[in-house]
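Please read the structure below before turning to the comments.
Counting from 1, the numbers follow the sequence of the chain as shown.
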Amino acid sequence: MSKELNIIARIRTDFPTKFGIPRQSGLIDDLKAAVVFEPEYRNADALRGLEGFSHIWLIWEFSAALRDTWSPTVRPPRLGGNKRMGVFATRSPFRPNPLGLSSVRLDSIEVDPELGPILHVSGADLLDQTPIFDIKPYLPYTDCHPEATGGFIEPLADHELVVDFPEQWLNSIPPQRRQALVRVLAHDPRPSYQKDPQRIYGLEFAGFEIKFTVLDKVLTVCEVKQTGTHPVP
């Protein structure tokens, strides 16, 4: 017997598009997000006791990568997009069941008079409005494995770029978003197979489009344009 999964919540983040989203959860703690429950799940009793946990697991849907078919192998971007690995050895969104799993820090629980309970979290790697199927507490005594190995990804540990963000552009970003944005840029949002130093990239973040180039290990912001308001609750 199988049961259709119910969407219990949606997450609000500063990423309206996939480009620039951190490759893993917990990579950039400065990123703030809010989990807003669907009307039928806005019951504070369902969260009783959750405030005692520092971190939670989010089980969610790769809603921007839905397909009718699947492949047993995929091309991980971290390998340059030219080498195939088994889908179950990767975190590719193109899976038989498009489910994602993220560990985030639980900063606080707010009860809004209209939206009900809201979970304020840090370190999420999700697209804005991503459907959430379930929430579970992170248990450090069993979920943390310091001795774990990272397979073929281990030698490709994230390298950081030097970010040259001219003051005239940085000042156009709200102060509470600047550190998170700089860290997103430092973690190199480009796919591994894109290394053209002449190319101008555009990243949408928190209501702004940030344009930049990358030469060697220096990312230079060359323009910032406002695209509209996009507040995280």
According to side chain to side chain contact (heavy atoms under 4.5 Å, CB included), who are the partners of [X], at least two apart in sequence or on a separate chain?
| X | answer |
| --- | --- |
| Ala9 | Val35, Phe37, Ile132 |
| Val162 | Val218 |
| Leu5 | Leu99, Phe133 |

For this session: Write out all pairs satisfying salt bridge (charged side-chain N to carboxylate O under 4.0 Å, His left out) with one or both partners inside residues 137-150, taking only residues at least two apart or from two chains.
Result: none

Exercise. Other hydrophobic cluster members with Ile200, side-chain heavy atoms of Ile/Leu/Val/Met/Phe/Trp/Tyr under 4.5 Å, chained?
Worked result: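 Reading the cluster by chain and number, Ile200 sits alone, since nothing else belongs.
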
What residue pairs, at least two apart or across chains, pass side-chain hydrogen bond (donor to acceptor under 3.5 Å, both in side chains) with a residue in [range]?
| range | answer |
| --- | --- |
| residues 207-217 | none |
| residues 89-106 | Gln24-Arg91, Trp60-Ser102, Ser102-Asp125, Arg105-Asp107, Arg105-Ser122 |
| residues 131-141 | Asp134-Lys136 |

For this session: For Ser63, check side chain to side chain donor-acceptor pair (under 3.5 Å) against everything at least two apart and list the hits.
Result: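 In terms of side chain to side chain donor-acceptor pair (under 3.5 Å), with neighbours along the sequence ignored, Ser63 is linked to no residue.
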
For this session: Output all residues satisfying side chain to side chain donor-acceptor pair (under 3.5 Å) with Trp169, sequence neighbours left out; order by chain, then residue number.
Result: none

For this session: Output all residues satisfying salt bridge (charged side-chain N to carboxylate O under 4.0 Å, His left out) with Asp30, sequence neighbours left out; order by chain, then residue number.
Result: Arg183

For this session: Determine which pairs satisfy ring pair (Phe, Tyr, Trp, His ring centres under 6.0 Å) with at least one residue from residues 66-109, sequence neighbours left out, and list them in order.
Result: none

